[in-house]
Amino acid sequence: MQNIASHILSDRIMALSESQTIAMAKKGRELAAQGHDIINLSFGEPDFQTPQYIKDAAKEAIDDGFTFYTPVPGYPALRQAIADKFKRDNNLDYGPDNIVVSTGAKQSIANAVMCLVNPGDEVIVFSPYWVSYEEIVKLAEGIPVPLQGRLENDFKVTPEQLENAITSNTKVVMYSSPCNPTGSVFDEQELLAIAKVLEKHPQVYIIADEIYEYINFGGKHASMAGFDFIKDRVITVNGFSKGYAMTGWRVGYIAAHKDIAVACEKMQSQITSGTCSIAQKAAHAALLGGNESALEMRDAYLRRRDLVLEIMQDIPGFKTNVPTGAFYIFPDVSYYFGKSINGNIINSALDLSLYLLTDAHVALVSGEAFGAPQCIRFSYATSDDKLIEALRRIKESLAKLQ
Ligand SMILES: Cc1ncc(COP(=O)(O)O)c(C=O)c1O
């Protein structure tokens, strides 16, 4: 087949970074095909099955004939259930008109960015950040402005940092809490301090990604939209992928000021229309069933976090925070930079993660993808046995570096 020369493709797609994880994934597949037992700690998804009552609701939806296009922002009953969830869990008052259901939270974020960002607008992204934030901003021709949280501060950006980063060109601030990849969680006081900064800049909108809300080991989840003085400027993103173990179903949503919700609906109407009818019925059942199953999974993640942290204490040179949410640990591994094996020098987190893949047969994601090139992301959404074995192998491989 003839290659499509890069000048044929749009500037838009050429400006998008290729995923940093592609090299890892390819190498991992090659090694697995050669018969190696690869332990994959690179996945950003729960290892649990979707709870049975949710699956049953999807089967019923098919049998009951829910096979037609849905309203673009989602079935009214689902949007009402999401509004009820915001009241129940977050004490936030929204109606169905404030809610837009999308094909995963990723589309919710893309809708919001496309609707708010003009070419040249600056978007402050709290860093380390989820891989897609920067690229979505670039697609909207905005300028991503990463703001680096320090490991010593639990990777959290401070209000002072934010104040110094905001310019007259800043249009949006975006972050996730609980955070992928650091597991950090802003508590209410920390969010309030950030909200107070944002209060002074009325041109700035906030995309608050709360998709890991139910995987929170600390206190109560805090929402930026909980502060009335900025609520109208907050787009809260959430979804079913993480809390309900529904990554493949593709259901996410926003809650926002009605005008922003209408804009997101318009954007979505021209790109994908409403998300899958059957997945929406399943998501509705998930909400009606409460969050008990989500909390059970959270307890399992907490146990695994403690297991991994304990073992990591014995791995020289790994510096970590204590994550209080999500299912990731993001150690600073820069201690190993400059070390070598058989004449091959480890110069970066990418080099180290490739080495750990080939030598320890453990797949991880290097921090470059998250704006933190000194770190590596471990997902602990897998069984205790695999975690123990993966860390044993990693320790052994690291010990060979000189
Ligand atoms: C922080 C964060 N936001 C959004 C998403 C996207 O979730 P969804 O599967 O609903 O598109 C992810 C998925 O990894 C994520 O980690």
Side-chain angles (χ1 to χ4, degrees), residues 19-21 25 40-48 50 54 74 78 82 85 99-114 123 125-137 139 144 146 149 155-157 172-186 206-216 221 223-224 235-255 264 268 271-272 274-276 279-280 282-283 286-287 294 301 323-330 365 367 369-372 377-381:
S19 164
Q20 304 258 1
T21 55
N40 198 333
L41 305 187
S42 72
F43 285 141
E45 67 177 342
D47 58 322
F48 297 107
T50 303
I54 301 174
L78 172 58
I82 292 170
K85 175 254 172 253
I99 311 292
V100 178
V101 179
S102 299
T103 304
K106 188 179 267 189
Q107 187 182 24
S108 304
I109 295 165
N111 282 342
V113 171
M114 293 292 180
V123 177
V125 182
F126 288 7
S127 176
Y129 47 76
W130 180 50
V131 284
S132 293
Y133 290 170
E134 266 213 335
E135 301 310 315
I136 290 173
V137 171
L139 270 180
F155 289 110
K156 289 175 190 167
V157 163
V172 171
V173 167
M174 58 198 290
Y175 67 87
S176 61
S177 176
C179 175
N180 176 6
T182 65
S184 300
V185 182
F186 283 118
I206 303 102
I207 299 179
D209 182 347
E210 303 187 356
I211 194 157
Y212 292 92
E213 171 182 12
Y214 290 148
I215 311 175
N216 179 348
H221 175 78
S223 288
M224 186 63 91
I235 297 92
T236 304
V237 175
N238 208 326
F240 295 83
S241 289
K242 315 293 176 171
Y244 289 98
M246 291 178 68
T247 45
W249 299 75
R250 312 307 303 129
V251 195
Y253 55 87
I254 57 156
C264 289
Q268 182 163 299
I271 297 183
T272 56
T275 192
C276 166
Q280 285 191 51
L287 287 176
Y301 295 129
T324 48
F327 39 65
Y328 308 104
I329 294 190
F330 199 54
V365 188
F370 308 99
R377 192 190 75 175
F378 287 64
S379 162
Y380 53 84

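Since this is a predicted model, take the numbers as computed values, not measurements. Atoms within a ligand are numbered from 1 in the order they appear, just like the ligands themselves.
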With distance as the sole test, does Lys242 use its side chain to make a donor-acceptor pair with the main-chain N or O of Pro46 at under 3.5 Å?
-> no
Using a strict 4.0 Å cut-off to heavy atoms of Ala105, name the atoms of ligand 1 that fall inside it.
-> 7 (O), 8 (P), 10 (O), 11 (O)
When the ring centroid of Tyr212 is compared with that of Phe327, is the distance short of 6.0 Å?
-> yes
Proximity winner for atom 1 (C) of ligand 1, if only heavy atoms of Asp209, Val237, Val131 are counted | Asp209
Go through ligand 1 atom by atom and flag the ones less than 4.0 Å from a non-hydrogen atom of Tyr212.
-> 1 (C), 14 (O), 15 (C), 16 (O)
If you measure from each non-hydrogen atom of Lys242 to ligand 1, which part falls under 4.0 Å: side chain, backbone, both or neither?
-> side chain
Does an N or O from Asn180, backbone or side chain, lie closer than 3.5 Å to an N or O of ligand 1?
-> yes
Could you give me the CA-CA distance, side-chain angles and deciding distance for Tyr214 and Tyr301, then say whether ring-ring contact (aromatic ring centres under 6.0 Å, His included) is met?
-> CA-CA 11 Å; Tyr214 290 148; Tyr301 295 129; over 10 Å; no
Please identify which atoms of ligand 1 are closer than 4.0 Å to at least one heavy atom of Ser241.
-> 8 (P), 9 (O), 10 (O)
Do Phe240 and Tyr253 pass the ring-ring contact (aromatic ring centres under 6.0 Å, His included) test, and can you show the C-alpha distance, the side-chain angles, and the key distance before you say yes or no?
-> CA-CA 9 Å; Phe240 295 83; Tyr253 55 87; 5.8 Å; yes
Is there a donor-acceptor pair closer than 3.5 Å between any side-chain N or O of Thr236 and the backbone N or O of Glu210?
-> no
Ligand 1 atoms nearer than 4.0 angstrom to some heavy atom of Gly104 are 10 (O), 11 (O)
Closest protein heavy atom to atom 6 (C) of ligand 1, given as residue, atom name and distance to 0.1 Å = Trp130 CH2, 3.5 Å
Return the residue, atom name and 0.1 Å-rounded distance of the protein heavy atom closest to atom 11 (O) of ligand 1.
-> Arg250 NH2, 2.7 Å
Can you tell me the protein heavy atom closest to atom 7 (O) of ligand 1 and the distance?
-> Ile211 CD1, 3.4 Å
Say whether, by atom type as modelled, one donor and one acceptor occur between the side chain of Arg377 and the main chain of Ser42 under 3.5 angstrom.
-> yes
Report yes or no: does Ser379 contribute a side-chain atom to a donor-acceptor pair with the main-chain N or O of Phe43 at less than 3.5 Å?
-> yes
